[in-house]
Novice: 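So that we are looking at the same thing, I have put the structure below in structure tokens.
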Amino acid sequence: GESVGLHLPTLSVQEGDNSIINCAYSNSASDYFIWYKQESGKGPQFIIDIRSNMDKRQGQRVTVLLNKTVKHLSLQIAATQPGDSAVYFCAENPSGTYKYIFGTGTRLKVLA
Amino acid sequence: SQTIHQWPATLVQPVGSPLSLECTVEGTSNPNLYWYRQAAGRGLQLLFYSVGIGQISSEVPQNLSASRPQDRQFILSSKKLLLSDSGFYLCAWGQGINYGYTFGSGTRLTVV
């Protein structure tokens, strides 16, 4: 079936280093993607999005890269801070639908 | 500005008891509404979504049902809870295709 998956379930990085969280998606019809951050006991929060007509989008300290050829998304966090510790989900929106398909998430641990 | 309210925050219910979780959205009209469930340490599973009053789409067969009695109100129900219904339930709203969701704060349901 169609799914969004993540390569690493847990990622540990030193404070101040850059983090890269990866995601593979399988639905070639998806044309919109979002990264969400979920802190413990809270609902996911929107971080950054990207449409399929783009390869890269930058926000404040975050960058999302989209490689449609290999159906791969990544989230890069610059100068990772303790407050970045959370579970990160990528989500894909198959074209023409109102639904998002979420992966299982990657837990990011920031080491002091 | 738009806000989403979800309650209660936590709930402990015995097996076989009924369930009613409520979600309301303020500051927008005709939102798309969603119910997701998240098992401990897992990803988000779409349960139901609605694009209008009385319109409910079910994603997975289960012991739950959803209703949308008003434009900005979405209710998740069960007549008889099962142990497997335990989890973190998240309501979300969105506006149209290719726009992200905004999630509520979630309800942690424990069925005992």
Novice: At a heavy-atom separation under 4.5 Å, does Q45(B) approach chain A through its side chain, its backbone, both, or neither?
Specialist: neither
Novice: Of the options Y101(B), F74(B), W93(B), which is the one that meets Y34(B) in a ring pair (Phe, Tyr, Trp, His ring centres under 6.0 Å)?
Specialist: Y101(B)
Novice: Can you tell me which portion of Q6(B) sits under 4.5 Å from chain A's heavy atoms? Options are side chain, backbone, both or neither.
Specialist: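 Nothing of Q6(B), per the 4.5 Å heavy-atom cut-off to chain A.
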Novice: Does the plane of the ring in Y98(A) sit parallel, tilted or perpendicular to the ring in Y49(B)? Use 30° and 60° as the thresholds.
Specialist: tilted
Novice: What part of L46(B) is in contact with chain A, defined as an atom under 4.5 angstrom from a non-hydrogen atom: side chain, backbone, both or neither?
Specialist: side chain
Novice: Heavy-atom distance under 4.5 Å to chain B: side chain of Q38(A), backbone, both or neither?
Specialist: side chain
Novice: Output yes when a side-chain donor or acceptor of Y36(B) lies under 3.5 Å from a complementary backbone atom of F88(B), and no otherwise.
Specialist: no
Novice: Give me the ring orientation class for Y100(A) and F102(A): parallel if the planes are under 30° apart, tilted from 30 to 60°, perpendicular past 60°.
Specialist: tilted
Novice: Below 4.5 Å from any heavy atom of chain B, which atoms of T97(A) appear? Answer side chain, backbone, both or neither.
Specialist: backbone
Novice: For the salt bridge (Lys or Arg N to Asp or Glu O under 4.0 Å) test, which of R37(B), K80(B), K79(B) pairs with D85(B)?
Specialist: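 Among the candidates, only R37(B) passes.
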Novice: Would you mind checking which part of F33(A) comes under 4.5 Å of any heavy atom in chain B, side chain (CB onward), backbone (N, CA, C, O), both or neither?
Specialist: neither
